[in-house]
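Right, one structure below, let's go through it.
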Number of protein chains: 2
Amino acid sequence: MSITNLIASHNERFTPTDRRIAEAVLEDPMLLTFGTASAVAERVSTSSPSIVRFATKLGFEGFSELQQSVREEISKQFTSPSHRARQQDESVAPVQLKIEDAVHAAFDALTPECIKAMALPIVVAKNVWILSGETSMAGAIALASGLSMIRPNVRLVQEHSASRDLCGALAEDVAVVFDFSRYRRNSVIAARTLADLDVPIVAITDGPLSPLSSLTEYRCELDVPAVGPFDSSVPAVIAAELLVSQVVTELGDEALNRIDRLEVFWQATDTFLVTSPPTKP
Amino acid sequence: MSITNLIASHNERFTPTDRRIAEAVLEDPMLLTFGTASAVAERVSTSSPSIVRFATKLGFEGFSELQQSVREEISKQFTSPSHRARQQDESVAPVQLKIEDAVHAAFDALTPECIKAMALPIVVAKNVWILSGETSMAGAIALASGLSMIRPNVRLVQEHSASRDLCGALAEDVAVVFDFSRYRRNSVIAARTLADLDVPIVAITDGPLSPLSSLTEYRCELDVPAVGPFDSSVPAVIAAELLVSQVVTELGDEALNRIDRLEVFWQATDTFLVTSPPTKP
DNA sequence: ATAGTATTGTACCATCCGTTACAAGAGTAG
DNA sequence: CTACTCTTGTAACGGATGGTACAATACTAT
């Protein structure tokens, strides 16, 4: 059993110090492999006995035995051919390259100006309506989730209730539409209808040929790579997150206050499990 | 200069014992890396001072310094580039770099073995229940969307109806849980309850310290970068998409048939706007 | 408020390590 | 054979390490 799994299986019996030790050890495995117990202790600002106790809690006789276990683990990885294979084997990763390329391309397309332009109508809108096709649903969710934390009146429009929801949309609002390549009829028609009603449209889509592109100048054009038989929604998610980030910047205190109030609710309703202490020094 | 080269360049000034030491050290590098001077001495049937002299002859101050040199050599090979980048780049890196780093790190973590291991219970499961926290919702959506196209009985569990949905979960099913850093109480407790009911758990989370990690060995550990005030869901989405891709591979024709039937429905209901020519060869 | 528990740090000890000083031995030239 | 050098092992030392006992502290529940 690897040291990582071992830590995972014991992490519920950890004291706060144990947790700090675990974090440090996982972050820098060499510390445990080569260092002394005192060195680990100093790294996490605690005493060596705590390190020893940590080791015993993991089922070892003491620190030495834990260290030996880690060393054996490393030894095996080092003598086995799989490590060397992983080291220099860039061939079995076409998907990785495609996605990383797409991510890079997305940032090329999402220039600060582009993001600012798209953020503008969202900042001033009374209501934000978010529409999405299938492959870009993850992006829509990311946007809806992020935006609704920093401003009111953000609605993710579900397909089955689109008309009911959207019939209230006005020119002071904004509609953010995600859709790619095989454009979903519903999304596009809804967007077109909204545009006809003078509702500003922000389009996250895939090129000038998209039916969404003709509806608005607030848009970005992304390439979507294929992962297996389906299209990746990673670029859409990135666009959504950058957009949220920009809107936060422009809303300023208004957004921050809302986050604060949200935090109060989270605390009051005990939404989160453990508020682990921030690891920043 | 590597230790091998160092030995080669000094091999003319070696005494017979030095030569034996050199042979042993080259044959089993771990001996020098982890062992003590006495251990090396015993291995070559000599005394520890000879080991020290060997080290000094190589230009080091003593055995300790030689060993440290070897350890540093190993450390460099072992620390992944993304990890190293993170190590020395704790400043306010631009969002692009942070996300690109995170994407790279995600692929480091999501090894083929890891993906295969996580896909396995999903392939054989009767029902797939997908749970998620807030920041990882986009990943959950991506998974739910992708999986439901290639196999039946995939349900995204909404928070307000979690208990109602999950009370039907059985040991033949699988629960895929997304959650990160500030773990949502609901998700974690639901996952724990399912685990107690012997429902296999697949966890997409952020490290061995996650409360989800102790529930299952089918899991991956991702780093989530911050974008503005919130955490990015890009790594979670990548994990979801790779997972879908792997399940497609393992289901084989079963998945492809379902995609075909889905396509028939799409055609019949005129779901898409322009039937652009399919890009599949 | 208080008793009890859990957690963490301090002080100390036995051990082992690397190093060094020194002596014993091997080989060699005269 | 002798004197010299080179090589190697033994013995001892200073230092640092991991481990343990114990006390102080924080926290919890009654």
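Keep in mind that what you see is a predicted model, and the values were worked out from it rather than measured. Only heavy atoms go into these numbers, but all of them, side chains included; no hydrogens, no water, no symmetry mates. Proteins get letters first, then strands, A, B, ... in listed order; numbering begins at 1 in each.
Atom pair L66(A):CG and dT17(D):P shows a separation of 17 Å (rounding to whole Å applied). Atom-to-atom, CD of E42(A) to P of dT17(D) comes out at 10 Å; the value is rounded to the nearest Å. Residue F34(B) contributes atom CZ, which lies 21 Å from atom P of dC16(C) at whole-angstrom precision. Distance CZ (F63(A)) to P (dG18(D)): 6 Å, rounded to an integer number of Å. The distance from atom CD1 of I51(A) to atom P of dT10(C) is 13 Å, rounded to the nearest whole Å. As rounded to whole Å, 10 Å separates atom C1' of dT8(C) from atom NZ of K57(A). Summarising the geometry, the separation between CD on Q67(A) and P on dT17(D) is reported as 12 Å, rounded to the nearest angstrom. In this structure, F60(B) places its CZ atom 17 Å from C1' of dT19(C), rounding to the nearest Å.
A close approach under 4.0 Å does occur between a side-chain nitrogen or oxygen of S38(B) and OP1 or OP2 of dG18(C). Considering only side-chain N and O atoms, T36(B) lies nowhere under 4.0 angstrom from the phosphate OP1 or OP2 of dC16(C). Look at T46(B) and you won't find any side-chain N or O under 4.0 angstrom from OP1 or OP2 of dT8(D).
Side-chain contact annotation: T33(A) with Q67(A), donor-acceptor N/O pair under 3.5 Å absent. A side-chain N or O of S145(A) and one of E134(B) form a donor-acceptor pair less than 3.5 Å apart. If you check the side chains of D18(B) and T15(B), you find a donor sitting under 3.5 Å from an acceptor.
Between F54(A) and F14(A), the distance from one ring center to the other falls under 6.0 angstrom.
Rounded to the nearest 0.5 Å, atoms CG (L222(B)) and OG1 (T205(B)) are 8.0 Å apart. Atoms CD1 and CE, on I130(B) and M137(B) in that order, are 11.0 Å from each other to the nearest 0.5 Å.
Here the side chain of S245(A) pairs no donor or acceptor atom with the backbone of E241(A) at under 3.5 angstrom.
Taking the side chain of S50(A) as heavy atoms from C-beta on, and the options dT19(C), dG18(D), dG9(C), the nearest nucleotide is dG9(C). Picking from dG9(C), dG19(D), dT20(C) the nucleotide with the shortest atom distance to the side chain of S64(A) gives dG19(D).
Annotation: proximity of residues 14-26 of chain B to DNA chain C (heavy atom, distance under 4.0 Å) is found for no residue.
For R53(A) and dG19(D), a side-chain-to-base donor-acceptor distance below 3.5 Å is absent, hydrogens and geometry of angles not being considered.
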